[in-house]
Amino acid sequence: MEEKMYWGMTSRTYCTVIHLSQLSSFIIPGLGLILPIVLWIAHKDQDEAINQHGRVTANWLLSLLIYSLICTVLAFILIGFLGFAFLGLLNLIFAIVAAMKANNGELWPYPLSIQFFKG
């Protein structure tokens, strides 16, 4: 039986790309928020793994957005700048760990993630 392909990728590779696509914000600001969600929505109804990986990624991205808003307020007392650096580092580490797990066929829920989309 032939495995179904998503944009020329296997399901496992596609899930890996969902996680890594967050890092596109380092090149084009904001793209790392939009691209993973678009990738998830495009095929979430066709493959349960894609739905699960997209869901945990979207939960993390929305959580990251909330944490960033808190850091913006805290920036007025300067500690927010440290918060932004910490969030950037966490996002980099979390995206890489989640992508590596996805490439091995595992689902890794992001720590510190608020569960907006439950599965």
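The shown structure was predicted, so the numbers you read here are calculated from the model rather than taken from an experiment. These values consider heavy atoms only, across backbone and side chains, with no hydrogens, waters or symmetry-generated copies.
One distance of note links CD1 of I79 with CZ of F84; it measures 12.5 Å at 0.5 Å rounding. H43 NE2 to C15 SG: the interatomic distance, rounded to the nearest 0.5 Å, is 11.0 Å. Here the NE2 atom belonging to H53 is positioned 15.5 Å from the NZ atom belonging to K44, to the nearest 0.5 angstrom. We find the OG-CG distance between S63 and L90 to be 11.5 Å, quoted to the nearest 0.5 Å.
The one candidate from I37, L92, I96, T57 that meets the side chain to side chain contact (heavy atoms under 4.5 Å, CB included) condition with Q22 is T57.
Taking every heavy atom of both residues into account, Q115 and N59 meet most closely at OE1-ND2, 3.2 Å. A pairwise comparison of heavy atoms in P36 and I18 identifies CB-O, 3.7 Å as the closest pair. Across all non-hydrogen atoms, the minimal contact from A75 to F81 is O-CE1, 3.5 Å. Pairing each heavy atom of F117 with each of A58, the nearest pair is CE1-CB, 3.8 Å.
Remark: T72 engages no residue in a side chain to side chain donor-acceptor pair (under 3.5 Å) (not counting sequence neighbours).
Hydrophobic clustering (ILVMFWY, side-chain heavy atoms < 4.5 Å, transitive): F86 and I70 are in one cluster. Residues V56 and V97 fall within the same hydrophobic cluster, defined by Ile, Leu, Val, Met, Phe, Trp and Tyr side chains chained together at heavy-atom separations under 4.5 Å. Linking ILVMFWY side-chain heavy atoms closer than 4.5 Å, directly or via other members, places L64 and L35 in two distinct hydrophobic clusters. Under the 4.5 Å side-chain heavy-atom criterion for Ile, Leu, Val, Met, Phe, Trp and Tyr, L23 and M9 are members of distinct hydrophobic clusters. L74 and L78 fall into different hydrophobic clusters, where Ile, Leu, Val, Met, Phe, Trp and Tyr side chains are chained together by heavy-atom contacts under 4.5 Å.
Side-chain contact between V73 and L69 is absent, with no heavy-atom pair separated by less than 4.5 Å. Residues L107 and K101 have side chains not in contact (no heavy-atom distance under 4.5 Å, counting atoms from C-beta outward). The shortest side-chain heavy-atom distance between Y6 and I50 falls under the 4.5 Å cut-off.
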Working for side-chain contact (heavy atoms from CB on, under 4.5 Å), residues L87 and C71: CA-CA 9 Å; L87 287 176; C71 287; 3.8 Å; yes
Working for side-chain contact (heavy atoms from CB on, under 4.5 Å), residues L61 and F116: CA-CA 10 Å; L61 290 172; F116 297 101; over 6 Å; no
Residues T13, T16; criterion side chain to side chain donor-acceptor pair (under 3.5 Å); working and verdict: CA-CA 5 Å; T13 303; T16 302; 5.8 Å; no
side-chain contact (heavy atoms from CB on, under 4.5 Å) evaluation trace for L112 with W60: CA-CA 8 Å; L112 306 176; W60 166 244; 4.3 Å; yes
Candidate pair I66 and L62, rule side-chain contact (heavy atoms from CB on, under 4.5 Å), full reasoning: CA-CA 6 Å; I66 290 170; L62 290 174; 5.6 Å; no
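Side-chain contact annotation: S11 with D47, donor-acceptor N/O pair under 3.5 Å present. Side chains of S24 and S21: a donor-acceptor N/O pair is absent below 3.5 angstrom, by distance only.
Shown here is M100, whose CE atom has no more than 12 heavy atoms of other residues, nucleotides or ligands within 6.0 Å. Summarising the local packing, CG of L65 is surrounded by more than 12 heavy atoms from other residues, nucleotides or ligands at distances under 6.0 Å.
Side-chain rings of Y14 and H19 stay apart, their centers remaining 6.0 Å or farther from each other.
At distances below 3.5 Å, not a single donor-acceptor pair connects side-chain atoms of W108 with backbone N or O atoms of A102.
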